[in-house]
Structures are given as C-alpha cells and as structure tokens.
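Below, each value reflects all heavy atoms present in this structure, side chains not excepted, and no hydrogens, waters or symmetry copies. Keep in mind that what you see is a predicted model, and the values were worked out from it rather than measured.
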There are 2 protein chains.
Amino acid sequence: MSLACSVCPVRDRAACAVLDEAERDELAKAGRTRKLTKGETLFAAGESEAACATLKSGALKITSTDVDGRERILSLVHPSGFVGEMFGPYMRHDVVALGDAELCVFSGPAFADAIEKYPRLGQALLRRTQEDLFASRELLALTGNASAEQRVSGALLSMARAASDSPCHPAMQFDLPLSRGEMADMLGLTIETVSRMLTRFEKDGAIKRNGKRGIELVDPALLPQN
Amino acid sequence: MSLACSVCPVRDRAACAVLDEAERDELAKAGRTRKLTKGETLFAAGESEAACATLKSGALKITSTDVDGRERILSLVHPSGFVGEMFGPYMRHDVVALGDAELCVFSGPAFADAIEKYPRLGQALLRRTQEDLFASRELLALTGNASAEQRVSGALLSMARAASDSPCHPAMQFDLPLSRGEMADMLGLTIETVSRMLTRFEKDGAIKRNGKRGIELVDPALLPQN
DNA sequence: CGGACCCTTGATTCAGATCAACGAATGTGG
DNA sequence: CCACATTCGTTGATCTGAATCAAGGGTCCG
C-alpha cells in the first residue's frame, strides 16, 4: 500500500511535516503503511536490516530482554513519534505495539538518503532524537534512586501529560496505556508493587480508579513528589 | 581564547571532523576554549542560556539531582563527545567535570546556525545523538532489573570498553574514571554495595584492584553476565 | 459454563540500604 | 617534619522496602 500523506493524522506534527508537499510525496514513494495489532513486533533486536518508522496512531513500546528473560521497557512511543535506526547495521531493541497501531515504515538506507537530500528533515530528526534522549534520561532519573511510591507516581504524572492535548497541563482523567505488568517492567518493579501503590494512592484520595485502566487525578498534590 | 583546530586532539573524531578546513575555521570563530578542573560545573540544569560543547580531553558526567538532594549520573562523556542543548530554551541537566577537562564551547543559537549552514554537521550530530540515546537506554536496561552484582559488573565492562583504544575489545587493565560514590550514583546503589561487589569480584578471581582506581580484568568470564 | 487473563491482597523472605566503626591516603598549618 | 583534619574506601551488624510466594476475585471469550 502506498502512502497517502494528505489524509495522515499526524501530517503536521511528525518529522516529515517540515517537508513541502512535493518533497513529502517524493519521500512517500520510499515508505509503506503498516498496521499492527496488540503485541505484534515491528522490529526485533538484532535484526540486520536497518529500518525506521513514524507512528500514525496507537502506541508502541521499545524494550530489551535480559538473559533471564525479564523484559524492560525503555521507552513509549506516541503518535507522530519516530522509531528505528537509519545508520546502524542492526536493530538495537525490540519495538512492539501496545494496542492496534498504524505506521509509516521506511528502510534505513532509504531514509538516510532522504536526510541527505532534505537537510531540514535531518534537523527535525535531530531535535526529535534529542527529545527522546532527554525523555530516556528522565526515566533513568526516575528509576534510579526513587522509592516504588515515587516511581509509580512519576509514571502516572508522565502518562497524564502524554494523554493531554496541551503539553503544559496534565489530563485530569485518562486511560493508562499500559497493563500493570508493563508498568512494572518500565519502572523496574513487580506487578504486585505497582498494584499496591495504586491502591495506596486511591486510599490517600490522590486518584480514583475507573476499571482496570481508567485513572482520575483527584488531588495530584497528594502524590509523592519526586 | 580563540580555537586552534589544527592542533585539536580530537579533530578527526569529533562532530566537526565532517567539516572541511575552511568551514571548520568559520565555525571556530563562534566557539571558545574552556578548561575545567575536577568538580567544576560546565552547565547547570535550568540555566536559561542554551549552549553546547565538544570535549577535547578529560571526562564529564551528566547528572540530575532529585528532591532529597541525591545525585543521579545519567551519562558519562568521553573525549570527542558532544554535550548540551542547541534548540531547547534551557539546560535540562547538570554537566560536571570528573577531572581536569578541556572543551570547545558554543552558544546554542550559534551552533544551531552552523547546523543550518552545514547540513553534514547536523547529520553527524544526529548519528552521535542516536548513539547517546542507545547508550542511555543501555544504562536503563542495566539499571532496571539487574542485581547489584550484575550492575557493577556491567559498569566495569562498559568502562573497560571505553578505556580501550579499539572499540571491540575491552582494555584488560585500566583506571576507573569514577569514585565509588559516583559509581553508586550511576548504578542506583550505595557506596558500600559497590565496594562489596568489587571485593567479591576480586575474591572470585575475576579482577584485581590496584590502588583505589586501578582495575585489572583477570578473568572477565567470571563476572556475572547480564 | 469453563478457562485464561489480569488485578488485588496478604504473608514471608531477602538483597541491598542504613548505621557504625575503622584504616589508608592526602592535604594543611604550625 | 610532625600533628591534625579531611576525604575516600572497606568491612561488619542490623534493618527495611520491595520481591516472592500464595490465594482468590473479576471479566472476557470461546
């Protein structure tokens, strides 16, 4: 299936938004649309084909698996986000869909060529990659010394921010994109501990749980600050 | 002090190596040399002036400090490495010298202009930033679920790699760039635990300690794999 | 209706934090 | 050159927060 940028839901937020129409159509020839369902793998660590993609809808997780088979979530990808590898010879991490997702996929070399051809695209990607780097370091800081309470609270606030339209204020009411197990994998905790912390926050009156995934921030000030 | 690229120790490894001589001289006009001593701060988190720098010699740490004043090391920077912020309005993290260090410092806007002017520079930085991103995720994975034993062992191996000239094989014999306390801050452990693990590795015959900082890898196979 | 998940809650255990003491190396001022 | 303070690392004893082990409930789906 070829790309139809004109109806792309993230056409003016994604990296390719810096291109003009003609350039984008040219780039579109090198890409393909791909749809994933929950749990499907987009890239697997070690794959020798470099590739990359822009996320149009849904959410992805970037993970690594250690020797004893425990999975660690390294990052979440939201719509308009970019994943993958343009330069390296192989994929460093697994990329898996958290739910149904739609993407625009490119081969690594093809995208590297586009960067060469359209310097603005490279710049846009540089900004984006720096943002990802800061986000990764943010998670590192959160995960580092903080107590379980602080980690879960920090993850809640960060997801509330991601769920909001305006980047400044968090959504007061949203659905967790992750299961308990996935939250645990992201925070370096166990399912049970995550569950207990959510219970605690609800008892404290900081949040209200609506079903398994629904969260309402009743009094964010009561959440342990990091 | 103006820059003297012709005698720069990292002139063909740093990001600016992709520029030709004339371009580099042009860029050099926007930069300044700066020398730091152990513990001196290059950038402080929250500073409203964006700036960036290439490290010519020595080593830096990128850190963040949480509410209770505990410091977390997010990344180490080695010669030819690049730190800082070209686009964002403020510095996200602290950058501090681990020992004496020499750098090439640019204002954020000046460097952003250079990227605009020399697309190759932007591309080089994109590669570099992606590498940093992978390194950060590597640390995240290491720090995530691993035991204290695995973390310290992983850090040793990673430092052995950084200390080696050839990137494929680790140095068998090197000096730790970090104090025990700094290793602890990087790994999310305490000084005491780091010290105990090193003692254990030495007892197991995996390493030999030479003074406070010296490490000899006697039998790396005995180090707990991650 | 039965099975498969996913989540919650309670009891117990354990790895690493914390507390405490000490030794070695380095620096400082008399 | 020595007395003294300071910093850094090691080692031991104790404590504790989160992991692990265990059980049960809710929901979805065939």
Does a side-chain heavy-atom distance below 4.5 Å link Thr33(B) with Leu103(B)? no

Could a donor-acceptor pair under 3.5 angstrom be found where the side chain of Arg200(A) meets the base of dT9(C)? no

Mapping Leu189(B) and Arg209(A) to their closest nucleotides on DNA chain C, which lands nearer the 5' end? Arg209(A)

How many whole angstroms separate atom CD of Glu192(B) from atom P of dT14(D)? 16 Å

Under-4.0 Å side-chain N/O to phosphate OP1/OP2 contact, Thr193(B) with dA17(C): yes

Distance below 4.0 Å between Arg196(A) side-chain N/O and dT9(C) OP1 or OP2: no

On DNA chain D, check which nucleotide each of Ser195(B) and Glu149(A) is closest to and give me the residue with the more 5' one. Ser195(B)

Are Arg92(A) and Glu131(B) ion-paired here, with the side-chain N under 4.0 Å from a carboxylate O? yes

Taking 4.0 Å as the cut-off, does a side-chain nitrogen or oxygen of Thr190(A) come that near to OP1 or OP2 on dA18(D)? no

With a cut-off of less than 4.0 Å, is there a side-chain N or O of Thr199(A) near OP1 or OP2 of dT9(C)? yes

Base of dC6(C) paired with side chain of Glu182(A) (donor-acceptor, under 3.5 Å): no

So, is Ser179(B) close to the dC8(D) phosphate, meaning a side-chain N or O under 4.0 Å from OP1 or OP2? no

Less than 4.0 angstrom from a charged side-chain N to a carboxylate O is my criterion; do Arg196(B) and Glu149(B) meet it? no

Would you say the ring centroid of Phe43(B) lies under 6.0 angstrom from that of Tyr90(B)? no

